[in-house]
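Okay, structure first, notes after.
A note on names: the letters A, B, ... follow the listed sequences, proteins ahead of strands, and every chain is numbered from 1. Every value quoted in this text rests on a predicted model; they were computed, and no experiment measured them. The basis for the numbers below is simple: all heavy atoms, side chains too, and nothing from hydrogens, waters or symmetry mates.
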Number of protein chains: 2
Amino acid sequence: MPVRQPSKPRVRRERSEVRPYHHGDLRRVLIDAALQLAAEGAEVSVREAARRAAVSPGAPFRHFPSRDALMAAVAEEAQRRFRAEIEVALGDAPATDPLGRFRAFGLAYLRWAMRNPAHFEIISTGRYFAHGSSTEVTRDNAEVIALTERMLADAAAQGLLRSTDLKRIQIAGRALVYGFARMNLDGHFPRWGVEEGEIERTAEGVIDLFIAGIARF
Amino acid sequence: MPVRQPSKPRVRRERSEVRPYHHGDLRRVLIDAALQLAAEGAEVSVREAARRAAVSPGAPFRHFPSRDALMAAVAEEAQRRFRAEIEVALGDAPATDPLGRFRAFGLAYLRWAMRNPAHFEIISTGRYFAHGSSTEVTRDNAEVIALTERMLADAAAQGLLRSTDLKRIQIAGRALVYGFARMNLDGHFPRWGVEEGEIERTAEGVIDLFIAGIARF
DNA sequence: ACCTGAACACCGTTCAAGT
DNA sequence: ACCTGAACACCGTTCAAGT
(Lines give C-alpha, C1' and ligand atoms only; values in the text may rest on other atoms or scores of the structure.)
Protein backbone atom coordinates (compact mmCIF):
# COMPACT_ATOMS: atom_id res chain seq x y z
CA MET A 1 0.00 0.00 0.00
CA PRO A 2 1.43 3.36 -1.00
CA VAL A 3 2.08 5.55 2.02
CA ARG A 4 0.52 8.95 1.65
CA GLN A 5 1.97 12.02 3.21
CA PRO A 6 -0.06 12.97 6.26
CA SER A 7 -1.79 15.65 4.20
CA LYS A 8 -1.88 19.00 5.95
CA PRO A 9 -5.46 19.95 5.12
CA ARG A 10 -5.14 21.96 1.93
CA VAL A 11 -5.83 25.52 2.92
CA ARG A 12 -5.29 27.24 -0.44
CA ARG A 13 -5.98 30.87 0.60
CA GLU A 14 -9.09 30.18 2.63
CA ARG A 15 -8.22 33.42 4.42
CA SER A 16 -8.43 35.64 1.34
CA GLU A 17 -9.38 39.30 1.52
CA VAL A 18 -12.50 38.72 -0.55
CA ARG A 19 -15.56 37.71 1.45
CA PRO A 20 -16.38 34.22 0.22
CA TYR A 21 -19.86 33.63 -1.05
CA HIS A 22 -20.34 30.59 1.08
CA HIS A 23 -19.81 30.90 4.75
CA GLY A 24 -17.47 28.31 6.19
CA ASP A 25 -19.87 26.78 8.62
CA LEU A 26 -22.70 29.19 9.16
CA ARG A 27 -24.57 26.79 11.39
CA ARG A 28 -21.70 26.66 13.85
CA VAL A 29 -21.09 30.39 13.67
CA LEU A 30 -24.75 31.14 14.37
CA ILE A 31 -24.80 28.89 17.43
CA ASP A 32 -21.65 30.55 18.77
CA ALA A 33 -23.06 34.01 18.13
CA ALA A 34 -26.24 33.07 19.98
CA LEU A 35 -24.27 31.63 22.90
CA GLN A 36 -22.29 34.85 23.08
CA LEU A 37 -25.41 37.01 22.91
CA ALA A 38 -26.87 35.05 25.80
CA ALA A 39 -23.65 35.33 27.78
CA GLU A 40 -23.75 39.09 27.28
CA GLY A 41 -27.22 39.14 28.78
CA ALA A 42 -28.76 40.31 25.51
CA GLU A 43 -31.89 38.88 23.98
CA VAL A 44 -31.02 36.21 21.47
CA SER A 45 -32.50 37.17 18.15
CA VAL A 46 -32.01 35.42 14.84
CA ARG A 47 -31.41 38.71 13.10
CA GLU A 48 -28.72 39.78 15.53
CA ALA A 49 -27.00 36.41 15.24
CA ALA A 50 -27.14 36.82 11.46
CA ARG A 51 -25.68 40.31 11.78
CA ARG A 52 -22.77 39.01 13.84
CA ALA A 53 -22.19 36.29 11.30
CA ALA A 54 -22.31 38.98 8.60
CA VAL A 55 -25.07 37.30 6.64
CA SER A 56 -28.52 38.44 5.58
CA PRO A 57 -31.52 38.07 7.89
CA GLY A 58 -32.90 35.17 5.88
CA ALA A 59 -29.70 33.11 5.78
CA PRO A 60 -30.10 31.39 9.17
CA PHE A 61 -33.33 29.84 8.00
CA ARG A 62 -31.44 27.64 5.61
CA HIS A 63 -29.81 26.02 8.66
CA PHE A 64 -32.57 26.25 11.25
CA PRO A 65 -36.26 26.01 10.44
CA SER A 66 -37.13 28.48 13.20
CA ARG A 67 -35.74 30.54 16.02
CA ASP A 68 -36.71 27.78 18.43
CA ALA A 69 -34.62 25.30 16.42
CA LEU A 70 -31.63 27.61 16.78
CA MET A 71 -32.26 27.90 20.49
CA ALA A 72 -32.51 24.13 20.75
CA ALA A 73 -29.10 23.82 19.11
CA VAL A 74 -27.75 26.40 21.55
CA ALA A 75 -29.26 24.40 24.41
CA GLU A 76 -27.60 21.27 23.08
CA GLU A 77 -24.22 22.94 23.11
CA ALA A 78 -24.74 24.40 26.59
CA GLN A 79 -25.99 21.07 27.91
CA ARG A 80 -22.91 19.35 26.51
CA ARG A 81 -20.61 21.79 28.33
CA PHE A 82 -22.62 21.49 31.51
CA ARG A 83 -22.43 17.73 31.50
CA ALA A 84 -18.70 17.79 30.78
CA GLU A 85 -18.10 19.99 33.82
CA ILE A 86 -20.22 17.76 36.04
CA GLU A 87 -18.22 14.76 34.95
CA VAL A 88 -14.92 16.45 35.65
CA ALA A 89 -16.14 17.33 39.15
CA LEU A 90 -17.24 13.75 39.76
CA GLY A 91 -13.90 12.43 38.59
CA ASP A 92 -12.41 13.61 41.88
CA ALA A 93 -15.12 12.08 44.08
CA PRO A 94 -14.50 8.44 45.08
CA ALA A 95 -17.12 5.86 44.18
CA THR A 96 -16.89 4.50 47.71
CA ASP A 97 -18.47 7.64 49.17
CA PRO A 98 -21.84 8.02 47.43
CA LEU A 99 -23.04 10.90 49.60
CA GLY A 100 -19.75 12.67 48.97
CA ARG A 101 -20.40 12.22 45.27
CA PHE A 102 -23.91 13.51 45.72
CA ARG A 103 -22.51 16.59 47.41
CA ALA A 104 -19.87 17.09 44.71
CA PHE A 105 -22.56 16.82 42.09
CA GLY A 106 -24.73 19.43 43.77
CA LEU A 107 -21.81 21.80 44.12
CA ALA A 108 -20.72 21.38 40.52
CA TYR A 109 -24.30 21.88 39.36
CA LEU A 110 -24.68 25.09 41.29
CA ARG A 111 -21.25 26.45 40.44
CA TRP A 112 -21.88 26.02 36.75
CA ALA A 113 -25.33 27.59 37.05
CA MET A 114 -23.93 30.56 38.98
CA ARG A 115 -21.13 31.16 36.50
CA ASN A 116 -23.13 30.58 33.32
CA PRO A 117 -26.56 31.88 34.23
CA ALA A 118 -27.77 32.59 30.71
CA HIS A 119 -26.69 29.23 29.38
CA PHE A 120 -28.20 27.54 32.38
CA GLU A 121 -31.48 29.29 31.72
CA ILE A 122 -31.54 28.25 28.08
CA ILE A 123 -30.97 24.64 29.08
CA SER A 124 -33.60 24.59 31.75
CA THR A 125 -36.36 26.96 30.76
CA GLY A 126 -38.00 24.62 28.33
CA ARG A 127 -39.45 27.53 26.44
CA TYR A 128 -37.38 26.91 23.35
CA PHE A 129 -38.00 23.30 22.50
CA ALA A 130 -40.86 20.97 23.23
CA HIS A 131 -39.93 18.34 25.81
CA GLY A 132 -37.82 15.92 23.88
CA SER A 133 -37.62 17.71 20.54
CA SER A 134 -33.85 17.45 20.81
CA THR A 135 -32.87 13.82 21.34
CA GLU A 136 -29.39 14.88 22.33
CA VAL A 137 -30.49 17.16 25.14
CA THR A 138 -32.93 14.49 26.28
CA ARG A 139 -30.22 11.84 26.34
CA ASP A 140 -27.68 14.06 28.11
CA ASN A 141 -30.27 14.94 30.68
CA ALA A 142 -31.33 11.35 31.20
CA GLU A 143 -27.72 10.38 31.83
CA VAL A 144 -27.33 13.09 34.44
CA ILE A 145 -30.48 11.85 36.14
CA ALA A 146 -29.17 8.28 36.03
CA LEU A 147 -25.95 9.51 37.61
CA THR A 148 -27.63 10.77 40.77
CA GLU A 149 -29.93 7.76 40.80
CA ARG A 150 -26.91 5.50 41.10
CA MET A 151 -25.39 7.59 43.89
CA LEU A 152 -28.53 7.35 45.94
CA ALA A 153 -28.91 3.65 45.27
CA ASP A 154 -25.32 3.13 46.44
CA ALA A 155 -25.94 5.23 49.51
CA ALA A 156 -29.06 3.21 50.31
CA ALA A 157 -27.16 -0.03 49.81
CA GLN A 158 -24.58 1.14 52.35
CA GLY A 159 -27.34 1.98 54.80
CA LEU A 160 -26.55 5.69 54.73
CA LEU A 161 -30.09 6.96 54.20
CA ARG A 162 -32.98 7.46 56.59
CA SER A 163 -35.66 6.94 53.97
CA THR A 164 -36.04 4.26 51.34
CA ASP A 165 -38.05 6.42 48.96
CA LEU A 166 -35.17 7.25 46.63
CA LYS A 167 -37.30 8.85 43.97
CA ARG A 168 -38.64 11.32 46.46
CA ILE A 169 -35.14 12.15 47.67
CA GLN A 170 -33.97 12.62 44.14
CA ILE A 171 -36.75 14.96 43.13
CA ALA A 172 -36.40 16.95 46.33
CA GLY A 173 -32.65 17.22 45.79
CA ARG A 174 -33.12 18.37 42.24
CA ALA A 175 -35.83 20.84 43.24
CA LEU A 176 -33.42 22.22 45.83
CA VAL A 177 -30.52 22.86 43.50
CA TYR A 178 -32.70 23.95 40.60
CA GLY A 179 -34.59 26.31 42.86
CA PHE A 180 -31.39 27.75 44.23
CA ALA A 181 -29.99 28.27 40.76
CA ARG A 182 -33.19 29.93 39.61
CA MET A 183 -33.39 32.16 42.65
CA ASN A 184 -30.02 33.43 41.55
CA LEU A 185 -31.08 33.73 37.93
CA ASP A 186 -34.33 35.46 38.76
CA GLY A 187 -32.71 37.94 41.11
CA HIS A 188 -34.28 36.74 44.36
CA PHE A 189 -31.20 36.83 46.54
CA PRO A 190 -31.05 40.55 47.24
CA ARG A 191 -34.44 40.37 48.91
CA TRP A 192 -33.30 37.37 50.92
CA GLY A 193 -30.34 39.26 52.24
CA VAL A 194 -27.86 37.08 50.38
CA GLU A 195 -25.11 39.15 48.83
CA GLU A 196 -23.21 38.47 45.65
CA GLY A 197 -20.04 37.35 47.39
CA GLU A 198 -21.68 34.81 49.65
CA ILE A 199 -23.86 33.02 47.14
CA GLU A 200 -21.52 30.09 46.51
CA ARG A 201 -20.93 29.65 50.24
CA THR A 202 -24.68 29.72 50.80
CA ALA A 203 -25.12 27.11 48.08
CA GLU A 204 -22.70 24.88 49.92
CA GLY A 205 -24.56 25.33 53.18
CA VAL A 206 -27.90 24.52 51.61
CA ILE A 207 -26.57 21.34 50.03
CA ASP A 208 -25.03 20.24 53.33
CA LEU A 209 -28.28 20.90 55.13
CA PHE A 210 -30.12 18.72 52.65
CA ILE A 211 -27.64 15.88 52.91
CA ALA A 212 -27.67 16.03 56.70
CA GLY A 213 -31.44 15.75 56.45
CA ILE A 214 -31.48 12.58 54.37
CA ALA A 215 -28.46 10.89 55.99
CA ARG A 216 -29.01 8.36 58.72
CA PHE A 217 -26.58 10.10 61.07
CA MET B 1 -79.23 77.37 52.53
CA PRO B 2 -81.30 75.84 49.80
CA VAL B 3 -81.54 72.10 50.17
CA ARG B 4 -80.54 70.30 47.05
CA GLN B 5 -81.95 66.97 46.13
CA PRO B 6 -79.49 64.17 46.99
CA SER B 7 -78.49 64.06 43.41
CA LYS B 8 -78.43 60.52 42.09
CA PRO B 9 -75.12 60.70 40.23
CA ARG B 10 -76.24 61.95 36.87
CA VAL B 11 -75.81 58.97 34.57
CA ARG B 12 -77.35 60.47 31.49
CA ARG B 13 -77.03 57.46 29.15
CA GLU B 14 -73.52 56.39 30.17
CA ARG B 15 -74.56 52.99 28.88
CA SER B 16 -75.48 54.26 25.49
CA GLU B 17 -75.04 52.22 22.33
CA VAL B 18 -72.32 54.57 21.18
CA ARG B 19 -68.83 53.58 22.34
CA PRO B 20 -67.83 56.31 24.77
CA TYR B 21 -64.75 58.25 23.94
CA HIS B 22 -63.21 57.70 27.35
CA HIS B 23 -62.80 54.22 28.59
CA GLY B 24 -64.16 53.62 32.09
CA ASP B 25 -60.94 52.47 33.67
CA LEU B 26 -58.55 51.47 30.95
CA ARG B 27 -55.73 50.81 33.38
CA ARG B 28 -57.75 48.18 35.19
CA VAL B 29 -59.06 46.65 31.97
CA LEU B 30 -55.54 46.35 30.55
CA ILE B 31 -54.24 44.61 33.65
CA ASP B 32 -57.14 42.13 33.52
CA ALA B 33 -56.60 41.51 29.83
CA ALA B 34 -52.91 40.85 30.47
CA LEU B 35 -53.72 38.48 33.33
CA GLN B 36 -56.09 36.62 31.08
CA LEU B 37 -53.58 36.43 28.24
CA ALA B 38 -51.06 34.95 30.63
CA ALA B 39 -53.61 32.49 31.99
CA GLU B 40 -54.32 31.39 28.42
CA GLY B 41 -50.65 30.66 27.97
CA ALA B 42 -50.29 33.36 25.33
CA GLU B 43 -47.51 35.88 25.18
CA VAL B 44 -48.55 39.07 26.89
CA SER B 45 -48.24 41.91 24.41
CA VAL B 46 -49.31 45.48 24.92
CA ARG B 47 -50.94 45.53 21.51
CA GLU B 48 -53.01 42.44 22.19
CA ALA B 49 -54.13 43.81 25.55
CA ALA B 50 -55.09 47.03 23.77
CA ARG B 51 -57.01 45.02 21.19
CA ARG B 52 -58.95 43.21 23.89
CA ALA B 53 -59.71 46.50 25.55
CA ALA B 54 -60.83 47.80 22.15
CA VAL B 55 -58.46 50.74 22.17
CA SER B 56 -55.72 51.84 19.82
CA PRO B 57 -52.16 50.48 20.17
CA GLY B 58 -50.90 53.73 21.65
CA ALA B 59 -53.59 54.08 24.32
CA PRO B 60 -51.97 51.87 26.98
CA PHE B 61 -48.95 54.14 27.05
CA ARG B 62 -51.02 56.85 28.66
CA HIS B 63 -51.42 54.51 31.66
CA PHE B 64 -48.13 52.61 31.63
CA PRO B 65 -44.83 54.11 30.54
CA SER B 66 -43.70 50.78 29.10
CA ARG B 67 -44.58 47.14 28.65
CA ASP B 68 -42.51 46.35 31.73
CA ALA B 69 -44.60 48.77 33.77
CA LEU B 70 -47.74 46.95 32.67
CA MET B 71 -46.15 43.64 33.58
CA ALA B 72 -45.18 45.04 36.97
CA ALA B 73 -48.81 46.00 37.58
CA VAL B 74 -49.85 42.50 36.55
CA ALA B 75 -47.27 41.06 38.94
CA GLU B 76 -48.65 43.24 41.70
CA GLU B 77 -52.13 41.91 41.16
CA ALA B 78 -50.93 38.30 40.97
CA GLN B 79 -48.80 38.72 44.08
CA ARG B 80 -51.80 40.12 45.94
CA ARG B 81 -53.88 37.08 45.06
CA PHE B 82 -51.05 34.73 45.92
CA ARG B 83 -50.55 36.28 49.32
CA ALA B 84 -54.29 36.23 50.03
CA GLU B 85 -54.42 32.49 49.33
CA ILE B 86 -51.40 31.82 51.54
CA GLU B 87 -53.05 33.67 54.37
CA VAL B 88 -56.30 31.75 54.03
CA ALA B 89 -54.34 28.49 54.18
CA LEU B 90 -52.49 29.62 57.27
CA GLY B 91 -55.73 30.64 58.96
CA ASP B 92 -56.45 26.94 59.51
CA ALA B 93 -53.02 26.11 60.91
CA PRO B 94 -52.67 26.61 64.69
CA ALA B 95 -49.96 28.96 65.95
CA THR B 96 -48.97 26.33 68.50
CA ASP B 97 -47.64 24.01 65.79
CA PRO B 98 -45.00 25.99 63.90
CA LEU B 99 -43.79 23.09 61.78
CA GLY B 100 -47.39 22.33 60.88
CA ARG B 101 -47.71 25.92 59.77
CA PHE B 102 -44.49 25.62 57.80
CA ARG B 103 -45.91 22.58 56.05
CA ALA B 104 -49.23 24.31 55.37
CA PHE B 105 -47.36 27.24 53.92
CA GLY B 106 -45.32 25.06 51.61
CA LEU B 107 -48.40 23.23 50.41
CA ALA B 108 -50.34 26.42 49.80
CA TYR B 109 -47.37 27.90 47.96
CA LEU B 110 -47.06 24.90 45.67
CA ARG B 111 -50.78 24.48 45.09
CA TRP B 112 -51.11 28.06 43.97
CA ALA B 113 -48.05 27.76 41.75
CA MET B 114 -49.39 24.54 40.18
CA ARG B 115 -52.80 26.00 39.51
CA ASN B 116 -51.69 29.44 38.35
CA PRO B 117 -48.44 28.71 36.56
CA ALA B 118 -48.38 31.76 34.31
CA HIS B 119 -49.19 34.15 37.13
CA PHE B 120 -46.61 32.46 39.31
CA GLU B 121 -44.01 32.93 36.62
CA ILE B 122 -44.78 36.60 36.21
CA ILE B 123 -44.38 37.11 39.94
CA SER B 124 -41.15 35.23 40.24
CA THR B 125 -39.27 35.62 37.01
CA GLY B 126 -37.97 39.09 37.78
CA ARG B 127 -37.62 39.82 34.09
CA TYR B 128 -40.33 42.43 34.07
CA PHE B 129 -39.35 44.82 36.81
CA ALA B 130 -36.04 45.64 38.39
CA HIS B 131 -35.77 44.24 41.90
CA GLY B 132 -37.81 46.63 43.98
CA SER B 133 -39.26 48.81 41.22
CA SER B 134 -42.68 47.99 42.60
CA THR B 135 -42.80 48.85 46.30
CA GLU B 136 -46.01 46.89 46.67
CA VAL B 137 -44.58 43.63 45.36
CA THR B 138 -41.49 44.18 47.48
CA ARG B 139 -43.57 44.73 50.60
CA ASP B 140 -45.87 41.76 49.95
CA ASN B 141 -42.88 39.58 49.38
CA ALA B 142 -41.09 40.79 52.49
CA GLU B 143 -44.16 39.98 54.56
CA VAL B 144 -44.30 36.46 53.19
CA ILE B 145 -40.62 36.03 54.04
CA ALA B 146 -41.24 37.37 57.55
CA LEU B 147 -44.09 34.87 57.92
CA THR B 148 -41.85 31.85 57.46
CA GLU B 149 -39.13 33.47 59.52
CA ARG B 150 -41.50 33.59 62.47
CA MET B 151 -42.54 29.96 62.04
CA LEU B 152 -38.95 28.80 62.12
CA ALA B 153 -38.12 31.02 65.08
CA ASP B 154 -41.10 29.54 66.96
CA ALA B 155 -40.04 26.03 66.01
CA ALA B 156 -36.51 26.73 67.24
CA ALA B 157 -37.86 28.19 70.50
CA GLN B 158 -39.81 24.97 71.07
CA GLY B 159 -36.67 22.94 70.44
CA LEU B 160 -38.11 21.30 67.33
CA LEU B 161 -35.14 21.89 65.02
CA ARG B 162 -31.85 20.05 64.64
CA SER B 163 -29.95 23.09 63.42
CA THR B 164 -29.83 26.64 64.76
CA ASP B 165 -28.97 28.22 61.41
CA LEU B 166 -32.47 29.43 60.65
CA LYS B 167 -31.49 31.53 57.67
CA ARG B 168 -29.98 28.52 55.99
CA ILE B 169 -33.09 26.46 56.64
CA GLN B 170 -35.26 29.19 55.28
CA ILE B 171 -33.33 29.64 52.08
CA ALA B 172 -33.13 25.89 51.55
CA GLY B 173 -36.87 25.60 52.12
CA ARG B 174 -37.59 28.36 49.70
CA ALA B 175 -35.22 26.93 47.11
CA LEU B 176 -37.03 23.61 47.48
CA VAL B 177 -40.54 24.91 46.86
CA TYR B 178 -39.45 27.44 44.27
CA GLY B 179 -37.48 24.78 42.45
CA PHE B 180 -40.38 22.37 42.53
CA ALA B 181 -42.75 25.02 41.20
CA ARG B 182 -40.35 25.92 38.43
CA MET B 183 -39.72 22.32 37.47
CA ASN B 184 -43.44 22.16 36.88
CA LEU B 185 -43.50 25.46 35.01
CA ASP B 186 -40.50 24.58 32.88
CA GLY B 187 -41.84 21.16 31.96
CA HIS B 188 -39.26 19.05 33.76
CA PHE B 189 -41.59 16.52 35.32
CA PRO B 190 -42.21 14.32 32.30
CA ARG B 191 -38.51 13.52 32.11
CA TRP B 192 -38.49 12.77 35.83
CA GLY B 193 -41.28 10.30 35.44
CA VAL B 194 -43.73 12.40 37.40
CA GLU B 195 -47.12 12.43 35.76
CA GLU B 196 -49.66 15.22 35.74
CA GLY B 197 -51.99 13.56 38.21
CA GLU B 198 -49.37 12.86 40.85
CA ILE B 199 -47.66 16.25 40.94
CA GLU B 200 -49.52 17.60 43.96
CA ARG B 201 -48.97 14.37 45.86
CA THR B 202 -45.29 14.51 44.97
CA ALA B 203 -45.15 18.09 46.20
CA GLU B 204 -46.52 16.95 49.53
CA GLY B 205 -43.96 14.17 49.77
CA VAL B 206 -41.09 16.51 49.01
CA ILE B 207 -42.20 18.99 51.65
CA ASP B 208 -42.55 16.25 54.22
CA LEU B 209 -39.10 14.94 53.40
CA PHE B 210 -37.65 18.38 53.95
CA ILE B 211 -39.42 18.90 57.26
CA ALA B 212 -38.38 15.45 58.48
CA GLY B 213 -34.83 16.47 57.61
CA ILE B 214 -34.80 19.64 59.68
CA ALA B 215 -36.91 18.36 62.60
CA ARG B 216 -35.18 17.07 65.72
CA PHE B 217 -37.19 13.83 65.68
C1' DA C 1 -57.51 64.71 29.99
C1' DC C 2 -57.71 60.79 27.15
C1' DC C 3 -57.65 58.44 22.81
C1' DT C 4 -56.66 57.77 17.63
C1' DG C 5 -53.86 56.48 13.94
C1' DA C 6 -49.83 57.02 11.43
C1' DA C 7 -45.10 56.44 11.88
C1' DC C 8 -40.52 54.32 13.23
C1' DA C 9 -37.34 50.80 14.38
C1' DC C 10 -37.34 46.44 15.62
C1' DC C 11 -38.59 41.07 15.12
C1' DG C 12 -39.40 36.13 12.83
C1' DT C 13 -40.21 34.17 8.54
C1' DT C 14 -40.86 33.52 3.40
C1' DC C 15 -39.49 33.62 -1.19
C1' DA C 16 -38.00 35.00 -5.63
C1' DA C 17 -33.77 36.04 -7.51
C1' DG C 18 -28.90 35.86 -7.81
C1' DT C 19 -23.99 33.24 -7.65
C1' DA D 1 -26.36 24.38 -2.72
C1' DC D 2 -26.24 28.56 -0.29
C1' DC D 3 -27.07 33.41 0.24
C1' DT D 4 -29.32 38.11 -0.74
C1' DG D 5 -32.74 41.45 -0.21
C1' DA D 6 -37.33 42.71 -0.48
C1' DA D 7 -41.59 41.69 1.52
C1' DC D 8 -45.13 40.56 5.17
C1' DA D 9 -47.16 40.43 9.61
C1' DC D 10 -46.06 41.15 13.93
C1' DC D 11 -43.96 44.06 18.19
C1' DG D 12 -43.01 48.31 21.53
C1' DT D 13 -43.07 53.09 21.50
C1' DT D 14 -43.78 58.04 20.02
C1' DC D 15 -46.34 61.84 18.67
C1' DA D 16 -49.22 64.98 16.25
C1' DA D 17 -53.93 65.47 15.82
C1' DG D 18 -58.56 64.93 17.23
C1' DT D 19 -62.66 65.08 20.94
Side-chain angles (χ1 to χ4, degrees), chain A residues 13-14 16-38 40-75 122 125 127-130 133, chain B residues 10 12-38 40-75 118 122 125 127-130 133:
Chain A
R13 316 212 142 268
E14 285 252 355
S16 74
E17 266 55 39
V18 187
R19 271 220 156 284
Y21 181 69
H22 293 78
H23 213 290
D25 184 0
L26 183 53
R27 191 191 143 82
R28 183 69 245 165
V29 173
L30 287 168
I31 292 172
D32 287 339
L35 277 164
Q36 224 187 312
L37 276 170
E40 290 167 16
E43 282 295 295
V44 178
S45 86
V46 178
R47 286 184 106 105
E48 181 60 27
R51 236 171 264 129
R52 297 212 175 179
V55 294
S56 77
F61 290 89
R62 196 141 304 266
H63 298 270
F64 304 98
S66 67
R67 176 182 187 272
D68 280 9
L70 169 59
M71 293 308 281
V74 170
I122 290 174
T125 202
R127 196 173 297 118
Y128 305 121
F129 43 104
S133 88
Chain B
R10 274 158 292 166
R12 219 167 56 110
R13 316 210 143 270
E14 285 253 354
R15 283 201 153 282
S16 73
E17 266 54 37
V18 188
R19 272 220 156 280
Y21 182 67
H22 293 79
H23 212 291
D25 184 359
L26 183 53
R27 189 190 143 82
R28 183 70 246 164
V29 173
L30 288 168
I31 292 172
D32 287 339
L35 278 163
Q36 226 187 310
L37 277 170
E40 289 165 18
E43 282 294 294
V44 178
S45 86
V46 178
R47 286 182 106 105
E48 181 59 29
R51 236 171 264 130
R52 297 213 176 178
V55 295
S56 77
F61 290 89
R62 196 139 306 261
H63 298 271
F64 303 98
S66 68
R67 177 184 187 271
D68 280 9
L70 169 60
M71 294 307 283
V74 169
I122 289 173
T125 203
R127 196 173 297 118
Y128 305 120
F129 43 103
S133 88

Pair pattern of DNA chain D in dot-bracket, where unpaired bases get dots and | marks partners in another strand, Watson-Crick or G-U under 3.5 angstrom: ||.|||||...|||||.||
Atom-to-atom span, CG of B:L70 to P of D:dG12 - whole angstrom: 9 Å
Between C:dT13 (C1') and A:H63 (NE2): distance, integer Å: 16 Å
Side chain proximity check, A:S45 to A:E43, heavy atoms < 4.5 angstrom: no
Interatomic distance where CE belongs to B:M71 and P belongs to D:dG12 [whole Å]: 10 Å
Verdict with supporting geometry, A:R67 and A:E48, salt bridge (charged side-chain N to carboxylate O under 4.0 Å, His left out): CA-CA 12 Å; A:R67 176 182 187 272; A:E48 181 60 27; over 6 Å; no
A:M71 vs A:F64 side-chain heavy atoms within contact, under 4.5 Å: no
Of A:V46 and A:R62, the one whose closest DNA chain C nucleotide lies more 5': A:V46
Rounded distance in Å - CG (A:L30) to P (C:dT13): 13 Å
Identified side chain to side chain contact (heavy atoms under 4.5 Å, CB included) partner of A:V46 from the options A:P57, A:P60, A:S66: A:P60
Sugar-phosphate only, base, or nothing, as touched by B:R27 at under 4.0 Å among non-hydrogen atoms: nothing
Contact under 4.0 Å: A:R47 side-chain N or O vs D:dC11 OP1/OP2: no
A:A59 side-chain proximity, nearest of D:dT13, D:dT4, C:dC3: D:dT4
Atom-to-atom span, CG of B:L37 to P of D:dC11 - whole angstrom: 10 Å
CD1 on B:I31 to CG on B:L26, rounded to 0.5 Å: 10.0 Å
Stepwise side-chain contact (heavy atoms from CB on, under 4.5 Å) check, B:R52 with B:L37: CA-CA 10 Å; B:R52 297 213 176 178; B:L37 277 170; 3.5 Å; yes
side-chain N/O A:S45 vs C:dC11 OP1/OP2, d < 4.0 Å: yes
Check: A:V74 and A:V44 side chains under 4.5 Å, non-hydrogen atoms: no
5'-most by nearest nucleotide on DNA chain C - A:R67 or B:S56: B:S56
Spacing between B:E43 atom CD and C:dC11 atom C1', to the nearest angstrom: 13 Å
Proximity to the side chain of B:R51 - top-ranked nucleotide from D:dC11, C:dT13, D:dT14: D:dC11
d(CZ, A:F61; P, D:dG5) in whole Å: 17 Å
